[in-house]
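Here is the structure we will look at.
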Amino acid sequence: MQASPDLIHGQQFTKMEHLVEHMRTSFHSNHEPICVICHKHCLSFESLREHLIGPLPKAECERIFKDRGCDVCLNIFSSRHALHHHRDKCHFSRGSNGILYRMANLGIQDELRMDNARGKVVSMACKMVGGGSDGSLDLCARVCLIDEHQNLIFHTYVNPNLPVTLMYEMTGIRPEYLRDATPVRQVGRKIQDYLCNGEPIWQIRDTARYPPLMKTSKLSNSLKYLTRAYLGYEIQNGVQDPYEDSVATMRLYKRMRSQDHRVESYPLASDQQNRNNFASWRQLELERMSPERMLEMSRSDYYCWCLDSK
């Protein structure tokens, strides 16, 4: 068999068996960030960003992206005019939708009621203080929940029920705020009852652990970085506010959820119908397939948030 191009990464494999092994372990799918110019599949948006404008970008992709590409969502448009029109919608701002006003007038709302929320999704953010002899133990001292429309559902200070040995100036939390605050177990029980809504479990989406939003090293990016890179504005300047963090988290989730990927009946590699796609007993059959056919049958090893909107 002649050397076959891997259309995923633009690499050349000297043997088809090497390409098959690569596809067996890479879990490529149409849910990965993809360069619309050369169609390279990337493990994360950070990988795609490096491919387009990193230290060693692909020259042709870099040229086109610099002319017609959005540095926030990393999409490429048909003209500079189309890009200019897109940017007005793509780039958020810290003060949009009344965020700064709500932050300035954020009172305590420690009663959780179902009629407080509109929509099926809530975003939660916490601010921590330090416990333990050296202050290295993270203790929740303030928590905030909002709905999809950035309306406040729940906001309260939290008594950690353990001695607080370190206050972080950036959180704005003072000892007197915690003295008569609701105990942490009670807060946790309220939130759990609300999120579960009578069910035993609930679905969690974590921006710090979502593969497309992680670093190329598969480590987590900070919320501050993700907001700047993928929403286009700065947060956590000066005293930090959990409401602002909740809004940024919700916006990131909705941006990832809104991606338009091809619909598959069984989108995960772990689905029973996909478990034998690259089984070793199919080795000879797989080696006769084209890279395009293998990519078509390959599935993701993580749950894409776009599936929440299907």
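Both backbone and side-chain heavy atoms feed into the values below; hydrogens, waters and symmetry mates do not. Counting begins at 1 with the first residue of the sequence. These numbers come from a predicted model, not from an experiment.
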Which value, rounded to the nearest 0.5 Å, describes the distance between Thr249 atom OG1 and Leu231 atom CG? 9.5 Å

Pairwise side-chain contact, Ser298 with Asn277, heavy-atom cut-off 4.5 Å (strictly under): no

With Leu19 as reference, evaluate Lys15, Glu21, Met23, Glu17 under the side chain to side chain contact (heavy atoms under 4.5 Å, CB included) test and give the passing residue. Met23

Any idea how His28 and His41 line up, ring-wise: parallel (<30°), tilted (30 to 60°), or perpendicular (>60°)? perpendicular

Option among Leu139, Val129, Val184 that satisfies the side chain to side chain contact (heavy atoms under 4.5 Å, CB included) test with Leu162: Leu139

Quick one: does Arg205's side chain have a donor or acceptor within less than 3.5 Å of a partner on Tyr210's backbone? no

Do Gln186 and Arg189 pass the side-chain contact (heavy atoms from CB on, under 4.5 Å) test, and can you show the C-alpha distance, the side-chain angles, and the key distance before you say yes or no? CA-CA 5 Å; Gln186 186 176 338; Arg189 189 160 50 247; 4.2 Å; yes

Applied to residues 65-74, the salt bridge (charged side-chain N to carboxylate O under 4.0 Å, His left out) test, sequence neighbours excluded, yields Glu62-Lys66, Asp67-Arg80

Are any non-hydrogen side-chain atoms of Phe92 and Thr227 less than 4.5 angstrom apart? no

At what distance, to the nearest 0.5 angstrom, does CZ of Arg174 lie from CZ of Arg179? 10.0 Å

Could you tell me if Gln272 and Arg275 have a donor-acceptor pair between their side chains, going purely by distance under 3.5 Å? yes

d(Met214 CE, Thr207 OG1) to nearest 0.5 Å is 10.5 Å

Please round to the nearest 0.5 Å and tell me the distance separating atom OG of Ser123 and atom CD1 of Ile146. 4.5 Å

Arg282 (side chain) donor-acceptor with Asn276 (main chain) under 3.5 angstrom: yes

same_hphob_cluster(Tyr230, Ile76) at 4.5 Å side-chain heavy-atom cutoff: yes

Say whether Phe27 and Leu48 are linked into one hydrophobic cluster, either directly or through other cluster members, by side-chain heavy-atom distances under 4.5 angstrom. no

Closest approach of Tyr266 to Asn274 (non-hydrogen atoms, all atoms of both residues): O-ND2, 2.9 Å

Check whether the side chains of Asp180 and Tyr157 place a donor and an acceptor atom closer than 3.5 Å, and report yes or no. no

Stepwise side-chain contact (heavy atoms from CB on, under 4.5 Å) test for Met294 and His22: CA-CA 11 Å; Met294 282 191 279; His22 168 77; over 6 Å; no

Does Leu284 offer a backbone N or O that forms a donor-acceptor pair with the side chain of Glu287 under 3.5 Å? no

Is Thr171 close to Arg142 at the side-chain level, that is, under 4.5 Å between some pair of heavy atoms? no

Yes or no on side-chain contact (heavy atoms from CB on, under 4.5 Å) for Met170 and Lys127, after CA distance, side-chain angles and deciding distance? CA-CA 10 Å; Met170 61 186 179; Lys127 290 302 175 185; over 6 Å; no

Steps toward side-chain contact (heavy atoms from CB on, under 4.5 Å) verdict (Asn221, Lys215): CA-CA 6 Å; Asn221 277 305; Lys215 298 178 181 179; 3.2 Å; yes

Would the distance check show the side chain of Asp271 and the main-chain N or O of Gln273 forming a donor-acceptor pair, the cut-off being under 3.5 Å? no

Say whether, by atom type as modelled, one donor and one acceptor occur between the side chain of Asp245 and the main chain of Cys126 under 3.5 angstrom. no

In short, Ala141 meets Leu178 closest at the heavy-atom pair O-CD2, 3.6 Å

